[in-house]
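Some notes on the structure that comes next.
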Amino acid sequence: MTIRNSSRPIARVFRATAAPGCRDELLQRFHSSSAALVNRKVGCLKYRILEPVDASAPEVVFESIWRDLDAVKVAFGDAWQQSYLPEGYSALMTDYSVHHFLVSES
């Protein structure tokens, strides 16, 4: 894989499929511990939590925007391309992934 080391902002997109009956708790953890985690990291510009319009859909997203790729690497270390799961998160999900995108804004 070729990584473009750009000075543009980077979106770190964590997507999760909540386990049955766990979506609300997972969203609550996004609002509390995930938000606190990224707010403590140097280089995180903002974050947002996305949930589907369909209240029965299990997928949720935590997106954080970082100053640049170096900021992501400093925040998450050598495992920056892997999902970081605080304690207790894995029991709330059946599937998850993390992806990184260059950000362009108009």
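Predicted model only: the values in this text are computed from it and were never measured.
For the pair Ile10/Leu102, a side-chain contact is recorded, criterion being any heavy-atom separation below 4.5 Å from C-beta on. Counting heavy atoms from C-beta on, the side chains of Glu63 and Ile49 never come closer than 4.5 Å. Within the 4.5 Å cutoff, side-chain heavy atoms of Arg8 are placed close to those of Ser104.
No hydrogens or angles considered: a donor-acceptor pair under 3.5 Å links the side chains of Ser34 and Tyr89.
Val60 and Val13 fall into different hydrophobic clusters, where Ile, Leu, Val, Met, Phe, Trp and Tyr side chains are chained together by heavy-atom contacts under 4.5 Å. Residues Trp66 and Val74 fall into different hydrophobic clusters, defined by Ile, Leu, Val, Met, Phe, Trp and Tyr side chains chained together at heavy-atom separations under 4.5 Å.
The minimum heavy-atom distance linking Ser90 with Leu85 is given by the pair CB-CD1, 4.2 Å. Closest non-hydrogen pair, Pro9 versus Ile65, comes out as CB-CG2, 4.2 Å. Of all the heavy atoms in Val103 and Ala11, the pair that sits closest is CG2-N, 3.5 Å. Contact record, Ala91 with Ala19: O-CB, 4.2 Å, taken as the closest heavy-atom pair. The two residues Ala35 and Tyr47 come nearest to each other via the heavy atoms CB-OH, 3.2 Å.
Remark: Leu26 CG to Thr17 OG1 distance equals 9.5 Å, nearest 0.5 Å. A distance of 11.0 Å separates CG in Leu27 from CZ in Phe62, rounded to the nearest 0.5 Å. Distance check, rounded to the nearest 0.5 Å: CZ of Arg29 to SG of Cys22 gives 9.5 Å. Distance check: Leu50 CG to Phe30 CZ gives 9.5 Å after rounding to the nearest 0.5 Å. Rounding to the nearest 0.5 angstrom, the gap separating the CZ atom in Phe14 from the OG atom in Ser97 is 7.5 Å.
If you look at His100 and Trp80, their ring centroids are closer than 6.0 Å.
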Given side-chain contact (heavy atoms from CB on, under 4.5 Å), test Arg48 with Val61 step by step and report yes or no.
CA-CA 8 Å; Arg48 63 185 180 175; Val61 175; over 6 Å; no
Tell me, with the steps shown, if Tyr84 and Val98 meet side-chain contact (heavy atoms from CB on, under 4.5 Å).
CA-CA 9 Å; Tyr84 172 79; Val98 67; over 6 Å; no
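For the pair Glu59 and Arg23, the salt-bridge criterion is not met [side-chain N within less than 4.0 Å of a carboxylate O].
In Asp54, the CG atom is crowded: over 12 heavy atoms of neighbouring residues, nucleotides or ligands sit closer than 6.0 Å. Atom CZ of Arg15 has 12 or fewer neighbouring heavy atoms from other residues, nucleotides or ligands inside a 6.0 Å radius.
One N or O on the side chain of Lys41 and one on the backbone of Ala75 form a donor-acceptor pair closer than 3.5 Å.
Results of the side chain to side chain contact (heavy atoms under 4.5 Å, CB included) test with Phe76 over Gln81, Gln82, Arg12 single out Arg12 as the only residue that passes.
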